[in-house]
**Student:** 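Structure below; questions to follow.
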Amino acid sequence: MSKRIALVLGGGGLKGFAHIGVLRALEELRITPDVYAGTSIGALIGGAYLSGGTVSDMAARAMAMRRKDLFRVNHFGMLLDRMNSSSIYLEEPLRHLCEISIAEGDFTTLPKRLLVNTVDPDRGARVVWGLPGLEHASVRDAVYASCALPGFFPPGHVADRTCIDGGVVDNLPVSITSHFADIIIAVDVGSSDASQEGRADSQGFATIYMRAATMMFHALQQFPLQRWHGPPMVLIRPRVDDANWLSFSNTEANIEEGYRAAMRALERFDSYWDNPSCVFPRRRVEIVVDQEKCTGCGLCMSLAPAVMGMDRHEKAYARTHVVEWSPADGGFVHECPTGAITTHNVHQPASSQNAEDQHDPSPSGSGG
């Protein structure tokens, strides 16, 4: 039996146009996924691709979109209902985007399995459409619901359920997808850079909300990624601007960054097979602690006790100065309140890189 490849596309607002660049890279590398899964815009891109959309057409449509094509303020609802209004923006533009991007029909009509991650707020339950038993529902309805960020768009109705954006519990649904794959390619655009420039409170409530969402998504994802026990995973984190969840100004750049990040992460794809519980690509990193800046708060040790410790002077130190990390590791570094911890890539001869890629990392080599 041939080995199965799954592509998981995470949510992240309009930063998710980077997924189009990832699809272009996969086509060029002749890597053909057997299963697609997504949350929010990841579900939209995956559904559009399986509906016959080409990479070039999807890129052209994304670059032609303007704010009015998706975000139209629900003035009437907010005026009449005020706090009881279901959303800031109207449903129709997002619904129309789903209709022109995704073929009509249920999940059984698609050429390959598609998993669409949503949450049913009435029942307090996660619902992944496209799973066995959840295939006879409208793909368009499921994708709309997955894109319905709470407060921004009205909830969607899928079969007999009310559903919203699945990112509130799992922005990158790798765990459920692992049951259908021998290797996973996961694309995370929701927490590419948790640090931000500029004060959030000077940029409006939407920016504050989305920055908080970025932190929430990042925290929710870290646990399963750092303790991954599924098939080998290639984790792609394009460097897209986390401050622009709702902006169309960087669409072309985001697509190109998705392509660049995918090509780089997948350059040794064939060596990743048969390495369960590993997240790739891996790199050697040196951890440096500035003792002058360290206040001894202990936050780094609490977040990454296997990597960081406190010495007899109550200063932080790295238990192992050089560690091997995947893109999921090292999240504790930017959490340091004084910026006392920095990391630097350690370069090694090219001849040793493939062997390192196949190394089975121990828990002591992962960050927080």
Side-chain angles (χ1 to χ4, degrees), residues 171-172 186 188-200 211-229 233-243 261 264-265 275 277-350 352-353 355-368:
N171 201 43
L172 192 68
D188 172 24
V189 294
S191 59
S192 58
D193 182 7
S195 60
Q196 300 286 345
E197 294 182 2
R199 290 177 58 92
R211 287 197 185 180
T214 297
M215 296 173 65
M216 178 185 72
F217 293 157
H218 182 77
L220 288 171
Q221 285 174 200
Q222 284 304 96
F223 185 86
L225 292 178
Q226 290 175 352
R227 295 157 181 82
W228 182 246
H229 295 296
M233 182 196 307
V234 184
L235 179 58
I236 303 171
R237 277 183 167 161
R239 293 184 176 275
V240 288
D241 186 357
D242 273 339
R264 182 174 181 179
N275 287 279
S277 303
C278 286
V279 180
F280 298 98
R282 305 193 68 78
R283 61 193 175 105
R284 291 173 64 80
V285 176
E286 180 184 14
I287 304 172
V288 178
V289 180
D290 186 331
Q291 297 289 303
E292 295 297 321
K293 289 184 178 179
C294 179
T295 64
C297 70
L299 183 60
C300 60
M301 185 178 70
S302 68
L303 293 173
V307 180
M308 303 300 296
M310 303 295 291
D311 64 20
R312 61 189 179 88
H313 301 293
E314 293 300 311
K315 295 285 187 176
Y317 72 94
R319 298 185 187 276
T320 304
H321 288 288
V322 177
V323 295
E324 185 183 298
W325 277 350
S326 77
D329 298 318
F332 69 90
V333 173
H334 84 272
E335 298 278 0
C336 178
T338 61
I341 307 173
T342 56
T343 60
H344 310 280
N345 288 340
V346 176
H347 300 286
Q348 70 260 20
S352 68
Q353 288 180 353
E356 179 174 304
D357 280 339
Q358 299 189 44
H359 173 67
D360 186 8
S362 65
S364 61
S366 62

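Every heavy atom of this structure was used, including side-chain atoms; hydrogens, water molecules and symmetry mates were not. Treat the numbers as computed from the prediction; the structure is a model and nothing was measured.
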**Student:** For residues 306-313, dump all side-chain donor-acceptor pairs below 3.5 Å to protein atoms at least two apart in sequence or in another chain.
**Tutor:**
{"from": "D311", "atom 1": "OD1", "to": "H313", "atom 2": "N", "distance (Å)": "2.8"}
{"from": "D311", "atom 1": "OD1", "to": "E314", "atom 2": "N", "distance (Å)": "3.1"}
{"from": "D311", "atom 1": "OD1", "to": "K315", "atom 2": "N", "distance (Å)": "2.9"}

**Student:** According to side-chain contact (heavy atoms from CB on, under 4.5 Å), who are the partners of T342, at least two apart in sequence or on a separate chain?
**Tutor:** V288, H344
**Student:** Which atom pair, heavy atoms only, marks the closest approach of V279 to L225?
**Tutor:** CG2-O, 3.9 Å
**Student:** Of all the heavy-atom pairs spanning L299 and E335, show the shortest one and how long it is.
**Tutor:**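 The pair with the smallest heavy-atom distance is CD2-O, 3.4 Å.
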**Student:** Of all the heavy-atom pairs spanning A316 and V289, show the shortest one and how long it is.
**Tutor:** O-CG1, 3.4 Å
**Student:** Sub-3.5 Å donor-acceptor pair from the side chain of R319 to the main-chain atoms of P305, do we have one?
**Tutor:**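 Such a contact is found between R319 side chain and P305 backbone.
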**Student:** Identify the two heavy atoms, one from K293 and one from T338, that lie closest to each other, and give their separation to 0.1 Å.
**Tutor:**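 It is O-OG1, 3.0 Å.
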**Student:** Looking at CZ of R283 and CG of D329, how far apart are the two atoms once the value is rounded to the nearest 0.5 Å?
**Tutor:** 9.0 Å
**Student:** For R282 and S326, which heavy atoms make the closest approach, and how far apart are they?
**Tutor:** NH1-CB, 3.6 Å
**Student:** When rounded to the nearest 0.5 angstrom, what distance separates OG in S277 from CE in M233?
**Tutor:** 10.0 Å
**Student:** Starting at CG of N345, measure out to CD of E286 and round the result to the nearest 0.5 Å.
**Tutor:** 10.5 Å
**Student:** Decide if atom CZ of R227 counts as having more than 12 heavy atoms of other residues, nucleotides or ligands within a radius under 6.0 Å.
**Tutor:** yes
**Student:** What is the minimum heavy-atom distance between A340 and C336, and which atoms define it?
**Tutor:** N-SG, 3.2 Å
